[in-house]
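Note that the coordinates shown come from a computational prediction; the quantities given were computed from them, not determined experimentally. Residue numbers count from 1 along this sequence.
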Amino acid sequence: NYFGAPGNILSYGILCWMAWRSPEGALKALLISSLIINGNSYFMHLSFFAAVGRFAVLGIAALRIFMDASSRGRAFGEGGYLGFLVAFVFFTALGCLINQYFVIVSMLKLGIFFVGAYVVLIGPFSRRIRYDVLNLWFFSAAVFIVVGSVLIYPTGIGYFVDEAVSGRLGLTLYCGMLNHSQTFGVSLVMVYVYILSLYLFSNFQLRRWLPLMLLCILGLSYLTSSRTALLTIVGASILGACLFSFVRHRAKIVNLFQRLQVLILVAGLACCGYAVKQLFFSDAPFQAITNFVTKNRAGSLTLEDLTSGRDRIATTSFNRFLDNPVFGIGFGTDLSYEFQARATWFTAPTEKSFMPTAVLEETGIVGFCLIYVFIFAFLLFLFRTGNMPGLLAFIVMLVLNLGEMMFFSFGGLGSLVWVYISGILIIGDPRNFAALTRQSRF
């Protein structure tokens with residue numbers, strides 16, 4: 001993809017072929033496509049063919065997984081959660097047709113979200129999956145993001161260049177191997193949960209390096225200046241330790257207690273490293289913490305100051321919901337002049353930040369009820385099947401959407417977050433545990 005249009009044609013042609021071969025290939029192709037879409041622009045030169053190719057890969061992957069699931073009589077999975085998702089898509093589409101506001105854009109976004117969610121929610125439970133191979137692919141992608149971001153840090157390549165934003169906020173805006181600091185921060189959280197699950201739940205041969213990767217992720221998260229990412233990582237670590245301890249049989253086999261001790265050591269090293277950096281390399285050691293939390297805004301550390309930006313967006317979304325309470329304004333749309341001027345079939349970004357009010361604004365009370373019934377049903381399914389890594393990952397994704405909403409953006413940031421959900425679901429699948437407790441041949 002470094003070679004523009006010819007590179008895009010070649011790479012997406014390969015990915016479409018991979019996606020058609022098998023459900024396993026479909027997940028691999030979606031993983032690579034997500035890395036391309038969200039990759040650092042220094043390495044990824046995207047053209048019109050990439051914009052079309054990402055949707056082609058997604059569609060072929062969904063068709064391949066649907067064919068495999070249908071052959072087993074499980075086209076709509078287990079647990080009934082997918083039925084609520086289908087109902088959400090149907091009534092939201094109906095609302096889009098009623099509203100007649102950017103109908104084609106809304107329908108395309110809705111279709112892409114449903115197809116992508118289907119791949120992630122059904123694909124990991126296919127029979128034709130080699131767990132050890134997919135574990136290696138997802139781990140390799142994590143290495144690409146984390147180790148690559150560490151290696152390019154001294155070069156300056158990994159900085160998001162936007163002078164207006166940098167001048168206003170005074171932030172480093174480090175984005176590593178990805179295309180934006182917000183993308184990088186949110187993706188790091190999901191990679192962290194993946195590495196954490198792999199470390200606590202498996203005997204992966206390279207597991208001795210996993211705590212070091214977790215430590216690197218903490219440092220990279222700090223460089224993004226993303227409060228949402230760093231706080232979510234802390235919460236995910238605590239919640240993960242609690243959830244994994246519930247599965248006592250597995251916890252005993254992998255010696256969970258000993259591994260938790262290592263994680264505590266990692267947290268201690270991270271705190272010590274930060275303290276040393278501030279004490280010896282900063283003129284105002286304790287001011288750095290205030291600057292990070294307030295994002296260099298002058299003033300006190302009041303809750304109102306810290307949440308002012310997202311509060312504004314949430315309030316605006318809620319007021320728009322009150323004007324359109326039944327079906328909302330339209331899926332994936334915005335009433336701003338900027339959206340109206342820039343929205344196209346292939347790119348129509350919106351800035352919503354806070355998922356609950358955004359869902360109310362775009363889909364109304366009908367869509368709001370259905371999507372949260374789906375979420376509850378899926379969480380209940382994961383709990384009943386003992387898929388604790390998957391349960392942790394889905395909860396973490398929901399928390400991230402309270403600060404950086406990307407739940408429905410399968411054409412961009414959401415694709416990388418969702419695809420790592422599938423990787424973590426594979427780790428937590430009871431069928432995979434036998435393979436995870438053996439040494440990988442790789």
TODO: Kindly write out the residues that satisfy side chain to side chain donor-acceptor pair (under 3.5 Å) with Y81, not counting sequence neighbours, or none if the list is empty.
DONE: none
Open item on the list: Show, in sequence, the C-alpha distance, side-chain angles and deciding distance for Y174 and Y153, and conclude whether the ring-ring contact (aromatic ring centres under 6.0 Å, His included) test is met.
Closed with: CA-CA 8 Å; Y174 189 65; Y153 176 70; 5.3 Å; yes
Task: Spacing of L360 atom CG and F354 atom CZ [to the nearest 0.5 Å] - done: 10.0 Å
Open item on the list: For the backbone of M67 and the side chain of S70, can you confirm whether one donor and one acceptor N or O come within less than 3.5 Å of each other?
Closed with: no
Open item on the list: With heavy-atom distances below 4.5 Å as the criterion, would you say the side chains of M190 and L400 are in contact?
Closed with: yes
TODO: Report the residue from L210, L200, V146, V143 that forms a side chain to side chain contact (heavy atoms under 4.5 Å, CB included) with I195.
DONE: L210
Task: By ring-ring contact (aromatic ring centres under 6.0 Å, His included) - contacts of F139 (at least two apart) - done: F204
Open item on the list: Using 30° and 60° as the class boundaries, would you call the ring planes of F138 and Y194 parallel, tilted or perpendicular?
Closed with: tilted
Open item on the list: Could you tell me if the side chain of Y12 sits less than 4.5 Å from the side chain of F55, heavy atoms only?
Closed with: no
- [ ] Kindly say whether S126 contributes a backbone atom to a donor-acceptor pair with the side chain of D68 at under 3.5 angstrom?
- [x] no
Task: Atom pair NZ (K109) and CZ (F410), whose distance is rounded to the nearest 0.5 Å - done: 14.5 Å
Task: Side-chain touch L416/L178, heavy atoms, less than 4.5 angstrom - done: yes
Open item on the list: With a 4.5 Å cut-off on side-chain heavy atoms, are R54 and I36 touching?
Closed with: no
TODO: Look only at the side chain of S197 and the backbone of P389, and say whether a donor-acceptor pair between them is shorter than 3.5 Å.
DONE: no
Open item on the list: Suppose we screen for side chain to side chain donor-acceptor pair (under 3.5 Å). Which residues come up paired with Y192, at least two apart in sequence or across chains?
Closed with: S237
TODO: Not counting sequence neighbours, which residues clear side chain to side chain donor-acceptor pair (under 3.5 Å) with S317? List them please.
DONE: E361
TODO: Give a yes or no on whether the backbone of F407 and the side-chain of W418 come within a donor-acceptor separation of less than 3.5 Å.
DONE: yes
- [ ] Hey, can you tell me if F331 and F408 have their rings parallel, tilted or perpendicular (30° and 60° cut-offs)?
- [x] perpendicular
Open item on the list: Please report whether the ring centroid of F394 lies less than 6.0 Å from that of F378.
Closed with: yes
Task: Residues N1 and S11: side-chain donor-acceptor under 3.5 angstrom - done: yes
- [ ] Would you check if there is a donor-acceptor pair between the side chains of T183 and N38 at a distance under 3.5 Å?
- [x] no
Task: Results of side chain to side chain donor-acceptor pair (under 3.5 Å) for N99 - residues two or more places apart only - done: none
Task: Sub-4.5 Å side-chain heavy-atom contact between F84 and I371 - done: no
- [ ] Name all pairs fulfilling the salt bridge (Lys or Arg N to Asp or Glu O under 4.0 Å) condition that reach into residues 14-25, sequence neighbours left out, sorted by first residue then second.
- [x] E24-K28, E24-R130
Open item on the list: Parallel, tilted or perpendicular, judged at 30° and 60°: which one describes the rings of Y118 and F114?
Closed with: tilted
